[in-house]
2 protein chains.
Amino acid sequence: MTKKASVIGQRRKAASEDSSASYQARRKEICEAAIQVFHRQGFSGASLSAVAAELGIDRASLYYYFSSKDELFDAITTSVLEENAALARRIADSPISPRRKLRELVAAMMVSYGENYPLLYIYIREDLRQVADSRSDWSKHMRGLNRQIENAFIEIIEQGYEDRSLRRIGSARMVAYGILGMLNWSHRWYRPGKGESAEEAGRTFAELALAGLESPY
Amino acid sequence: MTKKASVIGQRRKAASEDSSASYQARRKEICEAAIQVFHRQGFSGASLSAVAAELGIDRASLYYYFSSKDELFDAITTSVLEENAALARRIADSPISPRRKLRELVAAMMVSYGENYPLLYIYIREDLRQVADSRSDWSKHMRGLNRQIENAFIEIIEQGYEDRSLRRIGSARMVAYGILGMLNWSHRWYRPGKGESAEEAGRTFAELALAGLESPY
DNA sequence: ACGCTTTTCCACGATACTGTTGACAGAATT
DNA sequence: AATTCTGTCAACAGTATCGTGGAAAAGCGT
């Protein structure tokens, strides 16, 4: 649904887009502010007024940099999620044992959530199935990235099932969802600098999923 | 913020409240419809118009049964969550081993999610920390129930740590969050009649958390 | 100091939602 | 048959939001 140069504002933006100077820097500033606001109020619950207020500027000024709330959201989330999906693929395809792959992937995901805090959580909270049709192209892309991560987990578990290094305690899909649940649910409790670090959480979750809680005695 | 009998509508409702007839039945119908709509669009994303449309009635008619969107939400969620919290308490206080407690609690929670589908998921999706101050009393109550469930898990794990039936792989709080994450994240993928049943999922998650994936060889 | 460009703001129209009001139709009651 | 009760509806006011237009302000190059 890209507008075909709707008179002004859009044209200004287009003009500033190619020859980018401090324009990109300001864009980034706005993104940072938006990340904070979206994290506090959720994407759908947050208004552009709130984002503008966070920076102490007028709401209309935002439209000089982003044509809509959706574009702002995309600019924020897309790149990081792409990185994350690539990371998952890389670990899944690496030539180590399924056990180690799983351990590393769990840890890496949690660390990524911590390092990019709170960016990925904003994305995680959004349920892509409910995104309006108007953004279905973008939504499909994002869902694809999501699926890549899911599939990385599923593949690893299936490999482990096949070489018998992992016990078959349920369908690979279900186990993968469980592990992803541990990781993704962290958006409700993880706060950097409070409680365990992301590394610690990642290690704990990896240990929980792989070795379990039961002691051998 | 309870209104003090705002003329009409409220008075009618008050009049119909004590002597309940088919009034309660219709209330339930509205609840059922609201559950569907809230599940599709999320609570904050859903409008009362949508709920009314689901039933093919006028939006204003809803106000004959519920004074606000919030009251509707409360009517839907409170009782079930209270039951769930009580269930968690009961299992945590039962005189069986921590291992069995954990297994049963995990399974019971997942089954409850399935049986009450999709009601509990509507609640899970709401992040209570972001509820407006206007409902802070209700919000506190609900957070309390949530905490009861959390604490049930934490206590069980700590018991297991102390009697050494569970390995100390991380703080009890962190492990509890991991398990709750597995369970709660099911709101993103669980659909009754599709894929694994809630019972199966519960068993798988309990096995995953307790015995882990790694095979002994 | 003067133009020109970049950036910001004030004001507007459009839309959507909430909660309320007073009136209306059918059933129940008298 | 008249009247109350129950449930419904169309319409209104109030608020919040989004995206746009045009004008003001700030930079900066000469």
Side-chain angles (χ1 to χ4, degrees), chain A residues 1-30 33-34 37-38 41-73 132 134-135, chain B residues 1-30 33-34 37-38 41-73 132 134-135:
Chain A
M1 277 299 160
T2 23
K3 291 287 173 62
K4 48 178 80 169
S6 64
V7 208
I8 294 199
Q10 244 72 352
R11 189 175 29 177
R12 282 192 182 148
K13 185 176 148 264
S16 304
E17 251 172 1
D18 40 21
S19 78
S20 41
S22 60
Y23 184 79
Q24 296 300 336
R26 194 97 178 97
R27 239 178 100 102
K28 197 143 205 165
E29 267 182 49
I30 293 175
V37 174
F38 289 166
Q41 316 189 8
F43 174 69
S44 48
S47 68
L48 287 186
S49 317
V51 176
E54 180 85 5
L55 285 163
I57 64 175
D58 193 277
R59 188 176 52 84
S61 300
L62 299 179
Y63 286 91
Y64 182 57
Y65 296 93
F66 298 94
S67 66
S68 74
K69 197 180 168 188
D70 287 350
E71 191 193 321
L72 179 53
F73 185 69
S134 58
R135 309 164 66 197
Chain B
M1 278 302 157
T2 22
K3 289 286 175 61
K4 48 177 81 172
S6 62
V7 206
I8 296 201
Q10 243 71 354
R11 189 173 29 174
R12 281 193 183 149
K13 183 175 151 268
S16 305
E17 251 172 1
D18 39 20
S19 77
S20 42
S22 62
Y23 185 79
Q24 297 300 336
R26 193 98 179 94
R27 240 178 99 101
K28 198 144 204 164
E29 266 182 49
I30 294 175
V37 174
F38 288 167
Q41 317 189 8
F43 174 69
S44 48
S47 68
L48 287 185
S49 317
V51 176
E54 180 86 3
L55 285 163
I57 65 174
D58 191 277
R59 186 175 54 84
S61 299
L62 298 181
Y63 285 92
Y64 181 58
Y65 297 93
F66 298 94
S67 66
S68 72
K69 197 180 168 188
D70 287 351
E71 191 192 322
L72 180 53
F73 185 68
S134 60
R135 310 164 65 198

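Chain letters run A, B, ... following the sequence lines, proteins first, then strands; residues in each count from 1.
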Atom CZ of A:R59 and atom C1' of D:dG21 are separated, to the nearest Å, by 13 Å
Result for 5'-nearest mapping on DNA chain D, choosing between B:G56 and A:A46, is B:G56
*asked:* So does B:Y65 get a backbone contact from the side chain of B:R27, meaning a donor-acceptor N/O pair under 3.5 Å?
replied: yes
Side-chain atoms of B:A60 come closest, of D:dA10, D:dG7, D:dG19, to D:dA10
Rounded to whole Å, CD of B:Q41 lies from P of C:dA16 at a distance of 14 Å
Give the C-alpha distance, both sets of side-chain angles, the deciding distance and a yes or no for side-chain contact (heavy atoms from CB on, under 4.5 Å) between A:L72 and A:L62. CA-CA 9 Å; A:L72 179 53; A:L62 299 179; 5.6 Å; no
From CG of A:D58 across to P of D:dG22 the rounded distance in Å is 17 Å
B:F66 atom CZ is separated from C:dT18 atom P, nearest whole Å, by 15 Å
Looking only at C:dG19, D:dG7, C:dC9, the nucleotide nearest the B:Y64 side chain is D:dG7
Just N and O in the side chain of A:S61: are any of them under 4.0 Å from OP1 or OP2 of C:dC10? no
note: B:D70, atom CG; C:dT18, atom P; distance rounded to Å ~ 11 Å
Those residues at least two apart in sequence (or on a different chain) that pass side chain to side chain donor-acceptor pair (under 3.5 Å) with B:R26 are B:E29
Taken in chain and number order and not counting sequence neighbours, the residues that satisfy ring pair (Phe, Tyr, Trp, His ring centres under 6.0 Å) with B:F38 are B:F43
Whole-Å distance, A:I57 CD1 to C:dT7 P, equals 13 Å
To the nearest angstrom, the OH-P distance between A:Y65 and D:dC18 comes to 19 Å
Regarding the side chain of A:Y23, the nearest nucleotide among C:dT7, C:dC9, C:dT20 is C:dT7
Whole-Å distance, B:E29 CD to D:dT8 P, equals 9 Å
Closest non-hydrogen contact found for A:R59 with A:S49 is CD-OG, 3.4 Å
Of C:dT7, D:dG19, D:dT6, the nucleotide closest to the side chain of A:K69 is D:dG19
key: Under 3.5 Å donor-acceptor pair, B:R26 side-chain atoms to D:dG7 base atoms   = no
Winner on side-chain proximity to A:S49, out of D:dT17, D:dC9, C:dT18, is D:dT17
Per atom distances to the A:Y63 side chain, the nearest of C:dT7, D:dT20, C:dC9 is D:dT20
